[in-house]
2 protein chains.
Amino acid sequence: MAALTIKDIARICNVSISTVSRAINNDPTINAKTRERVMEVVREFNYIPNNSARNLKMTESNTVALIVKGINNPFFQGMFPYFQKRLEDLGYQYLLHTVGGDADEGYVAEAIAKEKRLKGIIFLGGKMNYPEKILENIRIPMVLCSVAGLSHEDNIHPRVSTVSIDDSGEAHKVVEYLIRKGHRRIAIITGQKDDLTVGRLRLRGYRKALEENGIAFDEELVGYMDDGIPEFTEANGYATMKKMLESGTEFTAAFVISDRMAMGAYKALYDAGKRIPEDCSVIGFDGIEMTRYMQPSLTTVKQPVEELVESSVQMLMKQINGSRERKHLIYDAELLERDSVKFISNS
Amino acid sequence: MAALTIKDIARICNVSISTVSRAINNDPTINAKTRERVMEVVREFNYIPNNSARNLKMTESNTVALIVKGINNPFFQGMFPYFQKRLEDLGYQYLLHTVGGDADEGYVAEAIAKEKRLKGIIFLGGKMNYPEKILENIRIPMVLCSVAGLSHEDNIHPRVSTVSIDDSGEAHKVVEYLIRKGHRRIAIITGQKDDLTVGRLRLRGYRKALEENGIAFDEELVGYMDDGIPEFTEANGYATMKKMLESGTEFTAAFVISDRMAMGAYKALYDAGKRIPEDCSVIGFDGIEMTRYMQPSLTTVKQPVEELVESSVQMLMKQINGSRERKHLIYDAELLERDSVKFISNS
DNA sequence: CTGAAAGCGCTTACAG
DNA sequence: CTGAAAGCGCTTACAG
């Protein structure tokens with residue numbers, strides 16, 4: 001009844017547990033025939049080693065953990081396969097761990113690092129509001145990928161490298177693009193009112209672009225995400241756009257800071273009898289697959305997923321190999337011009 | 001440099017490691033003041049116990065694992081929060097583990113069960129083609145939720161309970177609905193040609209409904225998913241629908257066996273100059289949030305997510321509490337009548 | 001090439 | 001209430 005252990009296998013094979021261990025771990029010093037004999041028993045009895053014991057004993061693994069805040073973000077979901085492939089190609093075990101919105105990813109990271117003897121950690125998403133305090137105790141290489149709130153003005157902990165896009169800058173480009181297309185009444189659907197991450201940064205870029213172009217910032221044109229609906233979802237985009245439409249504020253274009261929300265916004269516009277882009281242009285953000293299939297296909301900002309992944313992995317590898325260099329890389333996103341934005345003349 | 005252990009804390013506090021352990025685990029026999037003194041040090045040094053050691057020593061945890069095959073399925077993703085909530089409400093730790101398409105979920109389950117001293121396992125998705133062999137060695141309570149290929153004709157391992165919908169029956173209902181709406185040339189976009197899971201089952205229901213209504217099954221109307229594109233994605237639905245359209249086969253309605261694929265199919269139809277539902281009706285499957293926001297909103301089959309979750313958890317709890325009863329529950333899905341299906345008259 | 005022994009970092013009877 | 005000791009299931013020097 002009790003689960004099979006290495007002792008049981010040893011007894012059955014009439015060898016020591018050392019030998020069983022060597023067989024399982026493919027130790028080069030073991031006799032090939034002994035190994036085969038042991039492995040046959042292992043297979044026959046379906047013996048699986050206890051990983052807790054293994055991890056406890058081993059001084060190091062070759063595992064890298066990807067710690068994700070917000071599993072519901074399809075943009076992150078799209079990154080998983082890339083991380084997995086790159087890491088496995090490099091011969092590392094890949095461990096995906098998701099943390100809930102309320103959990104402290106620093107604590108979780110530390111706990112897993114101990115438990116699994118991690119070689120390194122890549123944080124994906126989240127806020128890292130208190131990098132100093134949280135990161136202080138994590139002694140292994142780590143990289144923050146797409147972690148918001150790490151713009152240049154913030155002081156970043158000297159032990160971490162970061163890879164991200166320039167959220168504020170990209171938002172700025174989006175708004176400049178809309179302005180070039182003749183829009184002046186430009187709405188934004190952004191994060192919650194108290195947001196401290198991408199919502200805040202993208203809103204900042206929006207505002208800056210407006211001001212640089214002599215367009216007064218108008219609080220009426222800012223739609224804050226509804227904090228009673230899950231973040232970044234279609235439902236939230238729908239509700240927020242609907243509220244703005246009902247408020248009577250006029251605008252000819254809307255910058256929605258996530259693609260899923262843009263999909264909800266589309267629906268709200270259609271429900272109000274508006275056509276896209278004839279009556280209202282829409283731009284999304286992230287560049288997830290779905291946007292190609294929206295009707296009309298969504299003009300959006302495509303995050304450089306492969307570069308973000310590649311670069312995160314490379315920086316982690318450097319640290320694992322002893323480099324003490326830390327970098328803070330910013331990659332350019334790409335504006336995908338599709339069919340949801342219309343040129344209007346201001347005559 | 002080396003990570004902090006319970007010994008270090010004991011030394012610093014001038015107590016035994018037993019006492020530190022008792023403080024951390026909130027053992028009722030410990031003196032409140034001692035406990036506080038220890039915990040202060042724990043906090044100060046940010047000590048985190050090694051879970052491997054813990055798991056190794058403890059004879060049981062109160063952890064339940066959710067093992068998911070195919071993290072990319074948004075339908076499953078939508079279920080996570082429900083599982084988490086139910087399990088945590090019941091006082092269990094919840095562990096989400098995803099396995100890749102190639103991995104053997106039985107092996108993985110067994111390994112985690114050992115490592116974490118699991119109380120139970122819920123499998124979500126996947127095929128479980130060889131229930132006998134795989135499940136033989138897992139000695140802890142387990143429930144299969146939405147695991148395909150477990151229709152009544154298959155012989156299910158006596159140690160497992162299952163919760164699912166009737167894929168074939170629901171597909172049957174979809175097609176009957178389309179027939180009632182006047183359609184006779186009904187296409188289906190289903191799984192890959194060699195699919196043995198939901199694709200096969202839903203195709204079977206489609207075929208049966210046709211035949212019962214005196215409509216000859218026409219292989220031309222079956223669009224098998226493109227096996228060169230990730231499964232169940234918009235891109236795959238787009239490519240498959242496009243191919244069908246280009247083949248020149250005529251149809252007035254299409255049953256697409258996943259909502260995401262239906263989104264891709266929409267686009268292919270639009271690209272071909274067709275209107276939905278005027279020129280072609282479309283029905284999806286799953287009932288994910290996005291479908292409400294499609295244009296037109298998608299008529300689809302909503303899987304009873306909450307019931308599937310609730311029931312899976314309840315059956316697992318019964319087993320954990322000693323019940324030897326096994327059930328195979330089938331829940332009804334709900335046809336969400338929205339705007340993508342049109343009534344046509346056959347005059 | 002193989003085995004006996006130490007020890008990874010914890011928890012938990014058992015004494016006191 | 002606290003401590004000394006055993007032991008969870010492994011891996012890995014160290015002998016032989």
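Numbers restart at 1 for each chain; the letters A, B, ... are given by sequence-line order, proteins then strands. When reading the values below, keep in mind they use all heavy atoms of this one structure, side chains included, and skip hydrogens, waters and symmetry mates.
- To the nearest angstrom, C1' of D:dG3 lies 10 Å from CD1 of B:I17.
- If you check every strand for non-hydrogen atoms under 4.0 Å, B:T59 touches nothing.
- Considering only side-chain N and O atoms, B:S16 lies nowhere under 4.0 angstrom from the phosphate OP1 or OP2 of D:dA4.
- For the OP1/OP2 pair of C:dC10 and a distance below 4.0 Å, the side-chain nitrogens and oxygens of B:S21 include no atom meeting the criterion.
- Distance CG (A:N50) to C1' (D:dT11): 13 Å, rounded to an integer number of Å.
- Closest to the side chain of B:N31, out of C:dG9, D:dT2, C:dA4, is D:dT2.
- Residue-to-nucleotide proximity on DNA chain D shows that, of B:I30 and B:A53, the 5′-proximal contact is made by B:I30.
- Here the C1' atom of nucleotide D:dG9 and the CD atom of B:E115 are 12 Å apart, to the nearest Å.
- Here C:dC10 is the nucleotide among C:dT2, D:dT12, C:dC10 with the atom lying nearest to any side-chain atom of A:K114.
- The B:R22 side chain lies nearest to D:dA4 when the options are D:dC10, C:dA5, D:dA4.
- Residue A:N25 is classed as a sugar-phosphate contact, given heavy-atom separations below 4.0 Å to backbone atoms only.
- Between A:T34 and C:dT2 there is a side-chain N or O to OP1 or OP2 distance below 4.0 Å.
- Taking atom CE of A:M58 as the reference point, atom C1' of C:dG9 lies 16 Å away to the nearest angstrom.
- Each of C:dC8, D:dT12, C:dT2 was ranked by its minimum atom distance to the side chain of A:R117; first place goes to C:dC8.
- With C:dT11, D:dC10, D:dT2 as the candidates, the nucleotide lying closest to the side chain of A:R54 is D:dC10.
- For the pair A:I48 CD1 and D:dC10 P, the computed distance is 11 Å after rounding to whole Å.
- No donor-acceptor contact under 3.5 angstrom links the side chains of B:S164 and B:Y331, judged on distance only.
- Taking atom NZ on B:K7 and atom C1' on C:dT11, their separation rounds to 15 Å, with Å as the unit.
- A:R54 and A:N25 form a side-chain donor-acceptor contact under 3.5 Å, judged by distance and modelled atom types alone.
- Across all strands shown, C:dA13 forms no Watson-Crick or G-U wobble pair with both distances under 3.5 Å.
- When the nucleotides C:dG3, C:dT11, D:dG3 are ranked by their closest atom to the side chain of B:T19, D:dG3 comes out on top.
- Between B:E105 and B:K69 there is a salt bridge, since a side-chain N of the basic residue sits under 4.0 Å from a carboxylate O of the acidic one.
- Residues B:M79 and B:L124 are in side-chain contact: their nearest non-hydrogen atoms beyond the backbone lie under 4.5 Å apart.
- The side chain of B:Y47 sits closest to C:dC10 out of C:dC10, C:dT12, C:dC8.
- Residues B:E36 and B:R43 are paired through a salt bridge, judged by an N-O separation under 4.0 Å between the basic side chain and the carboxylate.
- Computed from coordinates, the A:K57 NZ to D:dT11 C1' distance equals 6 Å when rounded to whole Å.
- Ionic pairing of B:E306 and B:K85 is not present here: no N-O contact between side-chain nitrogen and carboxylate oxygen is shorter than 4.0 angstrom.
- Map B:S52 and A:N14 each onto its nearest nucleotide of DNA chain C; the residue landing nearer the 5' end is A:N14.
- Comparing atom distances between the B:L56 side chain and each of D:dC10, C:dG9, C:dC1 picks out C:dG9 as nearest.
- Comparing D:dA4, D:dG9, C:dT11 by their closest approach to the side chain of B:S18 singles out D:dA4.
- With a cut-off of 3.5 Å on both Watson-Crick or G-U wobble distances, the partner of D:dA4 is given as none.
- Summarising the geometry, the separation between CG on B:L4 and P on C:dC8 is reported as 15 Å, rounded to the nearest angstrom.
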